[in-house]
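Model, not experiment: these values are computed from the prediction.
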Amino acid sequence: DIANDCGDPVYASAEGIVIEESGEKSWNHGYGNFILIEHSNGTRTKYSHNEKNLVKVGDHVKQGQEIAKIGEVGNANGCHLHFEVLGAKNPFVIQ
């Protein structure tokens, strides 16, 4: 979780395609409004609790592009971005 003021910009961490997007202040299992981006290396990034999504499914986004506004939607305690990286190897796991 990354705390900041509601309405502050959320930027794409890497280039990719928006594969899922939910707005309209939906609950979505606590995520609220969220965006899911698929990247060329097969990983996906999720940006949740957004006040407003600025991209839609099928949009191509560039790294650093503003994609949403930080919010307090879903199961959020205060204004913040819930950021997830899915499908990547965790460098902190000892094998």
Side-chain angles (χ1 to χ4, degrees):
D1 288 345
I2 303 166
N4 216 331
D5 295 327
C6 281
D8 279 357
V10 174
Y11 302 104
S13 63
E15 182 176 359
I17 301 291
V18 178
I19 60 169
E20 196 172 344
E21 180 266 338
S22 179
E24 304 302 319
K25 299 190 189 235
S26 301
W27 175 252
N28 293 314
H29 305 286
Y31 286 108
N33 300 338
F34 72 89
I35 295 167
L36 185 64
I37 299 174
E38 186 168 68
H39 307 284
S40 61
N41 64 358
T43 62
R44 293 169 286 138
T45 50
K46 190 170 196 171
Y47 310 79
S48 304
H49 303 309
N50 304 329
E51 178 178 282
K52 182 177 182 180
N53 295 338
L54 304 177
V55 294
K56 301 288 183 210
V57 171
D59 286 353
H60 178 269
V61 298
K62 295 181 180 182
Q63 183 177 19
Q65 178 180 333
E66 185 177 357
I67 58 171
K69 300 288 186 183
I70 287 180
E72 190 177 10
V73 180
N75 188 24
N77 292 320
C79 297
H80 73 280
L81 168 68
H82 177 82
F83 176 73
E84 294 181 21
V85 178
L86 307 162
K89 184 177 177 183
N90 184 338
F92 299 106
V93 173
I94 299 173
Q95 295 184 356

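Follow the hydrophobic side-chain contacts under 4.5 Å out from V85 and you reach I2 in the same cluster.
Expressed to the nearest 0.5 Å, how far CD of E15 lies from CD of Q63 amounts to 8.5 Å. Atom CG of L36 and atom OG of S22 lie 11.5 Å apart (nearest 0.5 Å). Within the model, atoms CG of D5 and NE2 of H80 stand 13.5 Å from one another, a figure rounded to the nearest 0.5 Å. To the nearest 0.5 Å, atom CD1 of residue I70 and atom CG of residue L81 are 5.5 Å apart. Of the inter-residue distances, the one linking Y31 atom OH with H49 atom NE2 reads 8.5 Å to the nearest 0.5 angstrom.
Partners of E66 under the salt bridge (Lys or Arg N to Asp or Glu O under 4.0 Å) rule, at least two apart in sequence or in another chain, are K69. Annotation: side chain to side chain contact (heavy atoms under 4.5 Å, CB included) contacts of A14 (sequence neighbours excluded): H39. With sequence neighbours excluded, no residue satisfies side chain to side chain donor-acceptor pair (under 3.5 Å) with N75.
Closest non-hydrogen pair, T43 versus A88, comes out as CG2-CB, 3.8 Å. The shortest heavy-atom contact between N50 and F34 is ND2-CA, 3.8 Å. For the pair E51 and N33, the tightest heavy-atom approach, listed with the atom from each and the gap, is O-ND2, 3.6 Å.
Checking each of L54, V61, N53 against I35 for a side-chain contact (heavy atoms from CB on, under 4.5 Å) leaves exactly one that passes, namely N53. Looking at I37, I17, V18 one by one, the single match for side-chain contact (heavy atoms from CB on, under 4.5 Å) with D59 turns out to be V18.
Around the CG atom of N77, the shell of radius 6.0 Å holds no more than 12 heavy atoms that belong to other residues, nucleotides or ligands. Counting heavy atoms of neighbouring residues, nucleotides and ligands inside a 6.0 Å radius, atom NZ of K46 exceeds 12 of them.
Aromatic pair Y47/F83: ring centres closer than 6.0 Å.
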